[in-house]
Amino acid sequence: MTRWNDNLIAARETFVTHLECSMTGATYPADEVRNLSDAGWPLLVRYDLAGAAGALTREALEARPRDLWRWREILPVRRAASIVSLGESETPLVPLAKVAERLGLAELLVKDEGRLPTGSFKARGLVMAVSMANELGIRRIAMPTNGNAGAALAAYGARAGMEIVILCPDDTPEVNVREIAAYGARVYRVNGLIDDCGKLVGEGAREGRWFDMSTLKEPYRIEGKKTMGLELAEQLGWEVPDVIFYPTGGGTGLIGMWKGFAELEALGLIGSKRPRMVAVQAEGCAPIVKTWQQGEEHAPRWENAHTVAAGIRVPKAIGDFLILRAVRESHGFALAVPDEASLAAVDEAAQADGQLLCPEGGATLAACIAALERGLISKRDRVVLFNCATGLKYPMEDKSLRLDRHEGLAGLPA
Ligand SMILES: *Cc1c(COP(=O)(O)O)cnc(C)c1O
């Protein structure tokens, strides 16, 4: 009998071997507290994939509960007791059938990450980073956030009994700021953007105040986020889709999925086909798109960044070159969309198919529509959009009507 919590409690070996600098290839031992490599670049976790292939077979996976911890052999946590879980269930693929029909598109699926704890896919990254921090004995953590990441860190940190400090831009959506505080974290509103907050978090880390858990400045959030790609391939019967539209901020998810697909192939679980990876940004903050167009590897800071899609308002991403490499290697592209198109897409998916996207998710649908119009993708493609947070966390327009109980229903349309 498989129990619901088998993946959380079973003694299963991780095949982690070491950490590797994503730029220079320099290696570092696993199981030590680390931020960036000595050269100042993100670290990637490496595994003995030939060894893992023996344990992580299709049959073994089939027998396990369907959650993020199903993939323990290729996740970094060594001891089950280190896991700090809030129930990271597999997220569903939801077809947007009516939207697809209007567009004449063969298949349009939303991977709905809004179902995860704290309502966003930031839970995938932070459950892994906090579990590893727990394993390595870290007790105080700080992070800059546009909202969702801070909420996820605050929730998992509370569960692990850690002290959490969050710095966010002062115009971060109110619901996020309050959610962070609700978990007992200290949250500061900063008069600046996320990279300004990041500088302060880095300063505090150098002073020894806390561990810096900024995007890609510790090795484990990518490992959590890569499970999106693992899950997706398994859900599609060990196939990858033709195209993935991903709302790109710091890019952890895009980088993570790309890494995950390579690991699945090395494990013999998928073939050599890869999806075309599309980095979607908002026109008001599109450093990756601009750099992709220019054929460069590193994106300069985007000045005066603005967009309603707070999750992708990232003016400077330390992993820009990793995002751009994945986009290019996959023969994908990068596309910026105006906020109006993203919000119109949110309305269309909600009204045609009953799927409430977050504005970042709306941006992926808007980008898909634009890509079809420009012939960048084919109508025969199987397309997956990432809806990275529940639409319920965002302000919604008041479209209600008024009804006077004294006048009754007389004035209503039949
Ligand atoms: C963080 C976030 C993103 C961007 O994700 P990255 O992997 O950091 O690029 C997109 N959408 C939402 C809702 C987010 O919270």
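Ligands are counted one by one from 1 in listed order, and the atoms in each one are counted from 1 as well.
- Ring-plane geometry between W292 and F333 is classed as tilted, the angle between the planes lying from 30 to 60 degrees on a 0 to 90 degree scale.
- E360 and K122 are not joined by a salt bridge, as no carboxylate oxygen comes within less than 4.0 angstrom of a charged side-chain nitrogen.
- In terms of protein heavy-atom proximity, atom 12 (C) of ligand 1 is closest to C388 CB, 3.7 Å.
- Contact atoms of ligand 1 toward A389: 13 (C) (distance under 4.0 Å to a heavy atom of the residue).
- Of all atoms in ligand 1, listed by their number and element, those nearer than 4.0 Å to a heavy atom of P247 are 4 (C), 5 (O), 9 (O), 10 (C).
- Around the NZ atom of K379, the shell of radius 6.0 Å holds no more than 12 heavy atoms that belong to other residues, nucleotides or ligands.
- The shell of residues lying under 4.0 angstrom from ligand 1, judged by heavy atoms, includes K225.
- In this view, E297 and R325 satisfy the side-chain hydrogen bond (donor to acceptor under 3.5 Å, both in side chains) rule, not counting sequence neighbours.
- A heavy-atom distance below 4.5 Å is not found between the side chains of I194 and K316.
- When heavy-atom distances to ligand 1 are checked against a 4.0 Å cut-off, I312 comes that close only through its side chain, counted from C-beta outward.
- Residues forming a salt bridge (charged side-chain N to carboxylate O under 4.0 Å, His left out) with R66 (at least two apart in sequence, or on another chain): E90, E234.
- Within a 6.0 Å sphere centred on OH of Y188, other residues, nucleotides and ligands contribute 12 heavy atoms or fewer.
- Considering backbone and side-chain N/O atoms, Y394 never comes within less than 3.5 Å of an N/O atom of ligand 1.
- One finds a salt bridge joining R3 and D6 here, because a Lys/Arg side-chain nitrogen approaches an Asp/Glu carboxylate oxygen to under 4.0 Å.
- Closest to atom 8 (O) of ligand 1, if we only count protein heavy atoms, is G250 N, 3.4 Å.
- At the shortest separation from atom 1 (C) of ligand 1 among protein heavy atoms lies K122 NZ, 1.2 Å.
- In terms of polar-atom proximity, defined here as any N/O pair under 3.5 Å, G251 does make such a contact with ligand 1.
- For the pairing with D242, the salt bridge (charged side-chain N to carboxylate O under 4.0 Å, His left out) check across R380, K273, R276 returns one residue only, K273.
- Under 4.0 angstrom from ligand 1, the non-hydrogen atoms of N148 all belong to its side chain.
- Some N or O of Y246 is nearer than 3.5 Å to an N or O of ligand 1, by distance alone.
- Considering only non-hydrogen protein atoms, atom 5 (O) of ligand 1 sits nearest to F121 CZ, 3.3 Å.
- A salt bridge links K111 with E231: at least one charged nitrogen is closer than 4.0 Å to a carboxylate oxygen.
- Neither the backbone nor the side chain of F386 has any atom closer than 4.0 Å to an atom of ligand 1 (non-hydrogen atoms only).
- For ligand 1, the atoms sitting less than 4.0 Å from at least one non-hydrogen atom of T248 are 9 (O), numbered in the order shown with element in parentheses.
- Ligand 1 places these atoms under 4.0 Å from at least one heavy atom of G253: 7 (O).
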